[in-house]
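For ligands, and for the atoms within them, numbers begin at 1 and follow the listed sequence.
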Amino acid sequence: MNPHANHWDAIWLNAQLATMDAAYGDDPYGAIADGAVAMLDGRIAWVGRRAELPAAWRATVEHDCGGAWLTPGLIDCHTHLVYAGSRAAEFEQRLQGASYEEIAKAGGGILATVRATRAASERELLLQSAKRLHAICAEGVTTVEIKSGYGLDTVTECRILSVARQLAAICAVTVKTSFLGAHALPPEYAGRADDYVALVCDEMLPAIHAAGLADAVDAFCEDIAFSAQQTARVFDRARSLGLAVKLHADQLSDLGGARLAADYAALSADHLEHSSPASIDAMAAAGTVAVLLPGAYYFLRETRLPPIASLRAQAVPMALATDCNPGTSPCTSLLLILNLACTLFRLTPAEALAGVTCHAAQALGMQQQAGRIAPGLRADLALWDIARPAELAYAFGANPCIGRYLAGSATPVCA
Ligand code: DI6
Ligand code: FE
């Protein structure tokens with residue numbers, strides 16, 4: 001405890017704040033002109049207008065932001081970035097007319113990446129994945145969720161999640177892991193999906209939980225993957241272990257995934273292009289966040305939009321993420337996702353920024369730790385060379401990030 005009130009470890013001055021906190025008025029960014037943020041022990045201790053700083057403050061470090069915009073550190077709440085290899089050849093096949101489902105049914109798709117990932121050493125996996133995570137973090141991202149799902153056996157799933165945990169220190173970022181054993185049926189279980197689900201529930205999940213490798217459990221509920229009933233078995237086991245759940249729901253077909261997620265009080269239901277209005281109502285009642293993934297929508301050239309109007313009408317929080325994966329969204333730019341969400345899904349730039357800050361935090365169950373500039377939260381911050389926050393969604397292919405702070409510590413920004 002610091003005995004001196006208003007004696008802080010660091011202060012950011014001369015900044016325009018986009019707090020993304022409703023406490024600061026009706027502005028959708030929670031904006032504060034000529035603001036100041038103070039940090040003590042890695043947490044935000046004071047936020048407000050510089051003119052209203054208490055009379056006797058002191059700070060060990062003073063950051064002059066030069067009038068730039070300060071936002072919460074961005075949060076990429078849905079990625080599959082730990083994998084080996086590339087699927088550029090499948091991209092070429094799709095350009096020749098093959099569909100994603102056809103490639104998957106022919107043993108390519110997710111299973112192609114599973115073969116490459118199983119064959120990679122832990123060090124190779126770490127090096128290939130660190131490049132992607134480094135690129136994501138260079139755009140002011142301070143928290144990333146990483147899923148397993150390219151191992152599909154206990155040893156490789158554990159290796160992927162262990163690599164994900166190791167990446168936190170290597171890239172100076174907070175990592176939340178999700179176990180996605182129910183991602184695809186591995187070849188050795190062809191025709192025996194229920195046996196594989198039993199392996200996921202009875203062997204993989206307990207082992208991963210015992211090793212502390214998963215913060216949540218995810219599944220791919222889809223015609224080409226697992227049924228609602230199989231997903232429910234995975235969720236039941238997750239629940240019995242006290243693990244939070246989330247779901248890839250209704251991306252390619254409506255199997256009632258969003259509804260199922262809501263029934264299990266999931267943190268989030270992700271994709272949602274084919275979700276029914278009744279499922280959205282259930283999400284609203286359950287407090288389940290909608291994670292929209294416009295990178296996958298774009299890359300698969302989907303035409304059916306997620307039900308944005310229903311999500312808005314039901315006040316379901318909308319988060320956005322890269323879905324960084326080799327098959328449907330080989331994307332390491334969360335800022336590009338902001339632009340795609342606005343151009344393709346017609347989100348406002350303010351909705352888009354909320355989608356990668358406060359709502360993304362909620363999708364990870366971290367709303368009391370990250371995603372807003374507010375007292376008590378971690379001092380995860382990003383500084384931007386922009387004139388107004390809408391520029392983050394407006395320019396695509398640009399990176400105006402000029403500062404990145406994890407729990408108050410400056411970290412390198414340029415990749
Ligand atoms: N949904 C997706 O879009 C990705 N996984 C998933 O569950 C696709 C992953 C891949 O094609 O490698
Ligand atoms: Fe995904």
Side-chain angles (χ1 to χ4, degrees), residues 76-91 93-94 98-118 128-129 132 136 144-152 157 160 164 176-186 200 216-227 230-231 234 245-253 255 257-258 261 266-274 289-302 304 306 319-332 334 337 340 360 363-364:
D76 192 351
C77 66
H78 178 143
T79 85
H80 311 241
L81 69 82
V82 176
Y83 62 85
S86 150
R87 303 241 293 277
E90 288 182 9
F91 178 51
Q93 280 178 288
R94 285 203 296 113
S99 74
Y100 179 73
E101 286 91 337
E102 282 162 7
I103 293 169
K105 284 189 179 134
I110 293 172
L111 293 185
T113 302
V114 169
R115 287 190 288 275
T117 303
R118 285 179 175 177
Q128 292 188 27
S129 307
R132 289 185 280 272
I136 288 173
V144 175
E145 185 261 13
I146 302 177
K147 303 173 195 301
S148 66
Y150 291 119
L152 309 183
E157 288 290 304
I160 291 169
K176 285 281 188 179
T177 55
S178 301
F179 168 57
L180 178 56
H183 192 199
L185 195 59
V200 167
V217 174
D218 195 348
F220 193 21
C221 184
E222 206 63 65
D223 281 332
I224 56 168
F226 296 94
S227 68
Q230 290 163 339
T231 302
V234 175
V245 298
K246 56 179 62 185
L247 188 62
H248 282 74
D250 311 332
Q251 178 187 8
L252 308 167
S253 58
L255 298 193
L267 287 171
S268 68
D270 304 30
H271 286 286
L272 307 179
E273 279 83 346
H274 292 262
V289 175
V291 177
L292 305 179
L293 303 164
Y297 175 94
Y298 160 77
F299 196 66
L300 292 180
R301 304 183 76 221
E302 297 288 353
R304 184 172 164 129
L320 295 169
T322 59
D323 197 12
C324 176
N325 79 69
T328 64
S329 190
C331 173
T332 52
L334 195 55
I337 295 299
L340 293 180
L364 298 178

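Look at E222 and you'll find every heavy atom at least 4.0 Å from all atoms of ligand 1. Residue I110 places a heavy atom less than 4.0 Å from ligand 1.
Only the side chain of D323 comes within contact range of ligand 1, with a heavy atom under 4.0 Å; no backbone atom does.
Residues satisfying the salt bridge (charged side-chain N to carboxylate O under 4.0 Å, His left out) criterion with E90, sequence neighbours excluded, are R87.
Side chains of K176 and I146 form no contact here, defined as non-hydrogen atoms less than 4.5 Å apart. Within the 4.5 Å cutoff, side-chain heavy atoms of R94 are placed close to those of L300. Contact annotation: the side chain of V144 approaches that of L81 to within less than 4.5 Å [non-hydrogen atoms, C-beta and beyond]. In this structure, the side chains of L320 and L340 stay at 4.5 Å or more apart for every pair of heavy atoms. No side-chain heavy atom of I160 sits less than 4.5 Å from a side-chain heavy atom of K147. Looking at heavy atoms from C-beta onward, V114 lies out of side-chain contact with P186 at the 4.5 angstrom threshold.
In this structure, the protein non-hydrogen atom closest to atom 11 (O) of ligand 1 is Y100 OH, 2.5 Å. Looking from atom 9 (C) of ligand 1 to the surrounding protein, the closest heavy atom is Y150 OH, 3.2 Å.
Under the 3.5 Å distance criterion, with hydrogens and angles disregarded, no donor-acceptor pair is assigned to the side chains of H248 and H183. A donor-acceptor pair shorter than 3.5 Å can be found between the side chains of E222 and S253. Side-chain N/O atoms of D250 and H271 include no donor and acceptor closer than 3.5 Å.
Among the atoms of T328, some N or O lies under 3.5 angstrom from an N or O of ligand 1.
The heavy atom nearest to atom 5 (N) of ligand 1, considering only H271, R87, H183, is found in H183.
Counting only distances under 2.8 Å, and ignoring water, the protein N, O or S atoms around the Fe ion (ligand 2) are H78 NE2, H80 NE2, H248 NE2, D323 OD1.
Close contacts of ligand 1 with Q251, meaning ligand atoms under 4.0 Å from a residue heavy atom, involve 1 (N), 2 (C), 3 (O).
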